[in-house]
Amino acid sequence: MVREWDPRTASSAEIASLLDTLNAVLAADLPQDPPWRESSLREYLAEVMPGERRIAWIAQGEPAADGTPGAVLGQVHVLLLGNIGVLEVLVHPSVRRNGLGRDLVLRAARRVYQEGFESIGVEVVGDTPAVAFYESLGFSREYVETRSVLDLSSVDWAELAEMSTGVGAGYRIQFHPGGPPDELIEAYARAKAETQDLEDGELRPSSYDPQRLRDSLDCLHRRGMQPYIVLALHQQTGAVAGLTEVVVPAQHPTRADQYDTIVVQDHQGNGIDRAMKARMLLELRSAEPQLTEVQTWNAQANESMLKVNAELGYRTDRDWCEYSIDVAELVHRLDATR
């Protein structure tokens, strides 16, 4: 049975069953990734930025003889933002290849079409069954980046401490757990707006407006995701010359997610990127002692950042791809095969 589903009102049993399916998918497709936990999972699924909406459906197995609802075997949600609907689909490995994934995508696509959106996008992890699945539905690959993972047990912390001080004269590196202080929000947003970071994909838009940046930080906290910021300040002007962001999710607290790393063009060539990222790792060592790994994503053309990451000890993992399709075309394709 497939039905529309709201994580805010879902039972604890449904949340736990969805977590079981998510971890079964990870074990099958990304066995090196840490399993997720139930901590703040409901909030992670429910909370969105102002102006965005998330709509979800679940597929459940047959109820037990005593009337207990069946296990959650699949889920799809679509995040409506800007002019695109962004899909995420989970199907338990035990029930794959029986049409459930196509049914879930069709339900989401029909709603996106009814809402007046023109296209649907999805992130697809390379070397997983999702690649063939979405390509069979007519999705086209638009963007590719490479995920790299840093094993913190392999870090030379003394060398990292040296890297953290290797910044040109006239700059000061600052650490801000929770987000930048409000007096720096506008300068922080200007730095992000000034630089079209090669690491950004269409499906993970950055916040270039001060209020949107505040909203983004608030949303992270509500979803159980702790942000950490390191800034490089130009001492003469007080401008934010560079920034790097890492988020530690309650759902997988042993592996942190690297978000944007940006160096404003006028300040490039001063070792800011490497110093900021090294300082971040040093701070995380004490702020989040349970961390064992940090993962980051980089555009394949961003050779300078890939070089910095290699110097810090990151090892490339696999491709992370963005696919998209015209929503009317997708609905037509799926309806024609029913």
Taking distance alone, no hydrogens or angles, what donor-acceptor pairs closer than 3.5 Å link side-chain atoms of residues 34-42 to residues at least two apart or in another chain?
{"unit_1": "R42", "atom_1": "NH1", "unit_2": "P7", "atom_2": "O", "d": "2.8"}
{"unit_1": "R42", "atom_1": "NH1", "unit_2": "A10", "atom_2": "O", "d": "2.7"}
{"unit_1": "R42", "atom_1": "NH2", "unit_2": "A10", "atom_2": "O", "d": "3.3"}

Are side-chain heavy atoms of [X] and [Y] found at a separation under 4.5 Å?
X: L137; Y: I325; value: no
X: L22; Y: L18; value: no
X: T146; Y: N298; value: no
X: V264; Y: I272; value: no
X: L160; Y: D156; value: no
X: V124; Y: F133; value: no
X: V78; Y: W57; value: yes
X: R279; Y: M163; value: no

Between [X] and [Y], does at least one N-O distance fall below 4.0 Å, as a salt bridge requires?
X: R222; Y: D218; result: yes
X: D151; Y: R315; result: no
X: E303; Y: K307; result: no
X: R147; Y: E123; result: no
X: R212; Y: E52; result: yes

Counting heavy atoms not belonging to [X], are there more than 12 under 6.0 Å from its [atom1]?
X: R97; atom1: CZ; value: no
X: D127; atom1: CG; value: no
X: F175; atom1: CZ; value: yes
X: Q290; atom1: CD; value: yes
X: E183; atom1: CD; value: yes
X: H332; atom1: NE2; value: no

Side chain to side chain donor-acceptor pair (under 3.5 Å) partners of E135, counting only residues at least two apart
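With sequence neighbours excluded, E135 shows a side chain to side chain donor-acceptor pair (under 3.5 Å) to Y323, given in chain and number order.
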Residues in side chain to side chain donor-acceptor pair (under 3.5 Å) with D257, at least two apart?
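Partners of D257 under the side chain to side chain donor-acceptor pair (under 3.5 Å) test: Q295.
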Search all heavy atoms of A24 against all heavy atoms of P93 and return the closest pair with its distance.
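Between these two residues, the closest heavy atoms are O-CG, 3.6 Å.
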State, to 0.1 Å, how close L306 and A299 come at their nearest heavy-atom pair, and which atoms those are.
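Smallest heavy-atom distance, with atoms named: CD1-O, 4.0 Å.
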Decide whether Q251 and R223 meet the rule of one side-chain donor and one side-chain acceptor closer than 3.5 Å.
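No, no side-chain donor-acceptor pair sits under 3.5 Å.
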We want to know whether N302 and E145 form a side-chain donor-acceptor pair, criterion being a heavy-atom distance below 3.5 angstrom.
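Per modelled atom types, N302 and E145 side chains form no pair under 3.5 Å.
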Is the backbone of A161 close enough, under 3.5 Å, to the side chain of S164 for a donor and an acceptor to pair up by distance?
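Answer holds: yes.
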What distance do D33 atom CG and H252 atom NE2 have between them, rounded to the nearest 0.5 Å?
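Output value for this atom pair is 8.5 Å.
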Pairs touching residues 263-293 that satisfy ring pair (Phe, Tyr, Trp, His ring centres under 6.0 Å), sequence neighbours left out
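Sorted pair list: Y171-H267, H234-H267.
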What pairs of donor and acceptor atoms, side-chain ones from residues 114-121 against any protein atom, are under 3.5 angstrom apart with sequence neighbours left out?
{"unit_1": "E115", "atom_1": "OE1", "unit_2": "R53", "atom_2": "NH2", "d": "2.8"}
{"unit_1": "E115", "atom_1": "OE2", "unit_2": "R53", "atom_2": "NH1", "d": "3.3"}

So, using salt bridge (charged side-chain N to carboxylate O under 4.0 Å, His left out) as the criterion, who are the partners of E43 when residues are at least two apart?
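Salt bridge (charged side-chain N to carboxylate O under 4.0 Å, His left out) check on E43 returns nothing, list empty.
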